[in-house]
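Written out below as structure tokens is the structure these notes cover.
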Amino acid sequence: MTRGGATGPGPRTVAQQGRPAGRRSATPAWVRAVAPGLVGLLALVVAACGSGPGPSGNASPASSASAVASSPSPAGASSALGGSPAPDASGPTWPGTTVLATIALGAADGEIQKAGIDLETAVNNQDLKAMWGAADGLAKMIDGLMPNIARLEIYPATQPAAVIYRKAFPEISAGAKQLRDAITAGDASGIIAGSQQLQQGLADYGPVRQLIGGLVEQAIVQQRLLLQ
């Protein structure tokens, strides 16, 4: 069983529909019918994820955050991301929870981009199981990251980014869940609708990629100050 209404590895169930006994599973006709449209939608999803500079990586958000926090960052260097100012240790001290939330969200950017690529690959391959798994994983990741938004909202410097996350993350989560659950149900129109909502969410997410890199640089400096 999985969270959010999914009832297990749905693609296996869906893929077996209409399969003659003793033959290997064939791609259901409705998958072949919707695949061309999904490829176009998910190509836009991947483009939205990669439309601007931002932190990247393939580790989990928690491990990536640790790696970012331990990496060297010249305090005097100016950021190329959205014109963000160079980290300034003489400025106001950030709340500790805001520091950790900023680093976690920055590290997650690469994972979100990877999820979009995984979905596009699965659709190109007409691989229901991979589509289901990518959508389920993205929904769970976004839901796990959402508590960090409130931690950005409590500090003025991170509030503009929080506004973007507050709009985009629920859209991404809802779209991924609809896509996942529609695959389980064999609902072709639901798959298209979920993909469209996911596309919108990732489009709304794009602008934060211009902010989060510079904020992560500053959060690293703040983390070092907190540890002194």
Side-chain angles (χ1 to χ4, degrees), residues 1-52 61 108-146 149 163-209:
M1 297 288 290
T2 58
R3 296 183 299 179
T7 56
R12 292 182 190 153
T13 302
V14 174
Q16 289 171 354
Q17 294 175 356
R19 182 181 66 183
R23 293 183 59 185
R24 295 184 61 186
S25 174
T27 303
W30 63 266
V31 178
R32 296 194 297 271
V34 302
L38 282 176
V39 169
L41 284 172
L42 292 173
L44 292 174
V45 167
V46 175
C49 287
S51 61
D109 181 71
E111 285 295 296
I112 294 171
Q113 182 176 6
K114 182 178 181 296
I117 293 170
D118 289 345
L119 273 171
E120 185 184 33
T121 300
V123 171
N124 278 319
N125 294 336
Q126 297 184 14
D127 185 337
L128 279 173
K129 183 176 180 181
M131 287 169 61
W132 190 95
D136 182 59
L138 177 59
K140 290 177 179 176
M141 178 176 66
I142 294 297
D143 286 352
L145 290 167
M146 278 202 214
I149 301 173
V163 170
I164 300 173
Y165 282 118
R166 184 65 71 187
K167 177 175 175 58
F169 270 9
E171 294 173 332
I172 295 171
S173 175
K177 288 174 182 175
Q178 184 175 9
L179 176 59
R180 175 197 66 192
D181 295 344
I183 292 170
T184 300
D187 177 4
S189 62
I191 289 176
I192 293 290
S195 297
Q196 290 172 334
Q197 185 167 17
L198 182 56
Q199 177 191 345
Q200 182 60 56
L202 285 165
D204 290 335
Y205 168 79
V208 86
R209 305 188 74 242

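The figures here come from the full heavy-atom set of this structure, side chains too, leaving out hydrogens, waters and symmetry mates.
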Spell out, as yes or no, whether a donor-acceptor pair under 3.5 Å connects the side chain of S173 to the backbone of F169. no
Step by step, work out the side-chain hydrogen bond (donor to acceptor under 3.5 Å, both in side chains) result for Q113 and D109. CA-CA 6 Å; Q113 182 176 6; D109 181 71; over 6 Å; no
Closest non-hydrogen atoms of A108 and L145, given as atom of the first, atom of the second and distance, are CB-CD1, 3.4 Å
Heavy-atom closest contact (I191 atom, A182 atom, distance): N-CB, 3.4 Å
To the closest 0.5 Å, what do you measure between OG1 (T184) and CZ (R180)? 7.0 Å
What's the separation between atom NZ in K177 and atom CD in Q197, rounded to the nearest 0.5 Å? 11.0 Å
Sidechain-backbone polar pair: D187 side chain, S189 backbone, donor-acceptor under 3.5 Å: yes
Rounded to the nearest 0.5 Å, how far apart are CE of M146 and CZ of R166? 8.5 Å
Can you confirm whether the side chains of E120 and N124 place a donor and an acceptor under 3.5 Å from each other? no
Check whether any side-chain heavy atom of I112 lies under 4.5 Å from a side-chain heavy atom of I142, and answer yes or no. yes
Looking at every heavy atom in both G201 and A168, which two are closest together, and how far apart are they? O-CB, 3.5 Å
Evaluate the side-chain proximity of L138 to L179: yes if any heavy-atom separation is below 4.5 Å, no if none is. no
Rounded to the nearest 0.5 angstrom, the CG-CE distance for D136 and M131 is 13.0 Å
Spatial distance of atom CD1 (I172) from atom OH (Y205) [nearest 0.5 Å]: 7.0 Å
Validation row: V163, V208 side chains within 4.5 angstrom (heavy atoms): no
Measure the spacing between CD1 of I183 and NZ of K129 and express it to the nearest 0.5 Å. 13.0 Å
